[in-house]
Amino acid sequence: MAGLLGLVFAGIGLPLLVFQVRKGRRELWIKAHGQRITAQVKGVFLDQSLSVNGRHPFRIEAQWEAPGERKLYRFRSECLWFDPSDFVKETVEVVIDPQRPRSHWMDISFLPVLG
């Protein structure tokens, strides 16, 4: 019985762990090999598609027009658990995968760290 329960919990937790590891590896690769661009900040919004303990995270949204392509790309920051509106400027640095610009990492190191 205990083994069966262990299998059930492992079946739930293992895919979440694999997702986090792959996300971390992709982020490290983009930081090391990606192309750094400057994107225009379009605003800060409350992401109501995600809820943790009844709270919704904030995200910074920015956009960038690829030169020569006439394509507009939109980028979102990782989840932020405080309102960053007072700290956000007009532009933000984003590192993109040159082959797939939708795969990105937004540099939010300018934000204060919650203590």
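- A distance of 10.0 Å separates CD in E61 from CG in D47, rounded to the nearest 0.5 Å.
- The two residues P101 and F75 come nearest to each other via the heavy atoms O-CE2, 3.3 Å.
- Proximity of V41 to E90: side-chain heavy atoms (C-beta onward) are nowhere separated by under 4.5 Å.
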- Message: Please determine whether side chain to side chain contact (heavy atoms under 4.5 Å, CB included) holds for the pair W81 and V52, giving the CA-CA distance in whole Å, both sets of side-chain angles, and the decisive distance to 0.1 Å.
- Response: CA-CA 10 Å; W81 296 100; V52 176; 3.8 Å; yes
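- By the neighbour-count criterion of 12 heavy atoms within 6.0 Å, atom CD of E69 is densely surrounded, having more than that number from other residues, nucleotides or ligands.
- In terms of modelled atom types and a separation under 3.5 Å, the side chain of R59 and the main chain of F45 share no donor-acceptor contact.
- Interatomic distance, CD1 of I37 versus CG of D107, reported as 12.0 Å (0.5 Å rounding).
- For the pair Y73/V94, no side-chain contact is recorded, criterion being any heavy-atom separation below 4.5 Å from C-beta on.
- Salt bridge E27/K23: absent, no basic N to carboxylate O contact under 4.0 Å.
- Follow the hydrophobic side-chain contacts under 4.5 Å out from L28 and you never reach I108; the two are in separate clusters.
- With hydrogens and angles disregarded, a donor-acceptor distance shorter than 3.5 Å links the side chain of D83 to the backbone of S85.
- With rounding to the nearest 0.5 Å, the separation of CG in L7 from CG in L14 is 11.0 Å.
- Annotation: ring pair (Phe, Tyr, Trp, His ring centres under 6.0 Å) contacts involving residues 12-39, sequence neighbours excluded, comprise W29-H33.
- At distances below 3.5 Å, not a single donor-acceptor pair connects side-chain atoms of R36 with backbone N or O atoms of E93.
- Residues I96 and I60 are members of one and the same hydrophobic cluster, defined by side-chain heavy-atom contacts under 4.5 angstrom among Ile, Leu, Val, Met, Phe, Trp and Tyr.
- By the rule that hydrophobic residues join a cluster once side-chain heavy atoms approach within less than 4.5 Å of another member, M106 and V95 end up as members of separate clusters.
- A donor-acceptor distance shorter than 3.5 angstrom exists from the side chain of H104 to the backbone of R76, with no hydrogens or angles considered.
- The nearest pair of heavy atoms linking P15 to A10 is CD-O, 4.0 Å.
- A donor-acceptor distance shorter than 3.5 angstrom exists from the side chain of H56 to the backbone of L50, with no hydrogens or angles considered.
- Considering every non-hydrogen atom in both R26 and S103, the closest pair reads CD-OG, 3.6 Å.
- The minimum heavy-atom distance between P98 and G34, with the atom names listed, is CD-CA, 4.3 Å.
- Heavy atoms only, all atoms of each residue included: T38 and W64 are closest at O-CD1, 3.6 Å.
- Using a 4.5 Å heavy-atom threshold, the side chains of L80 and V44 count as separate.
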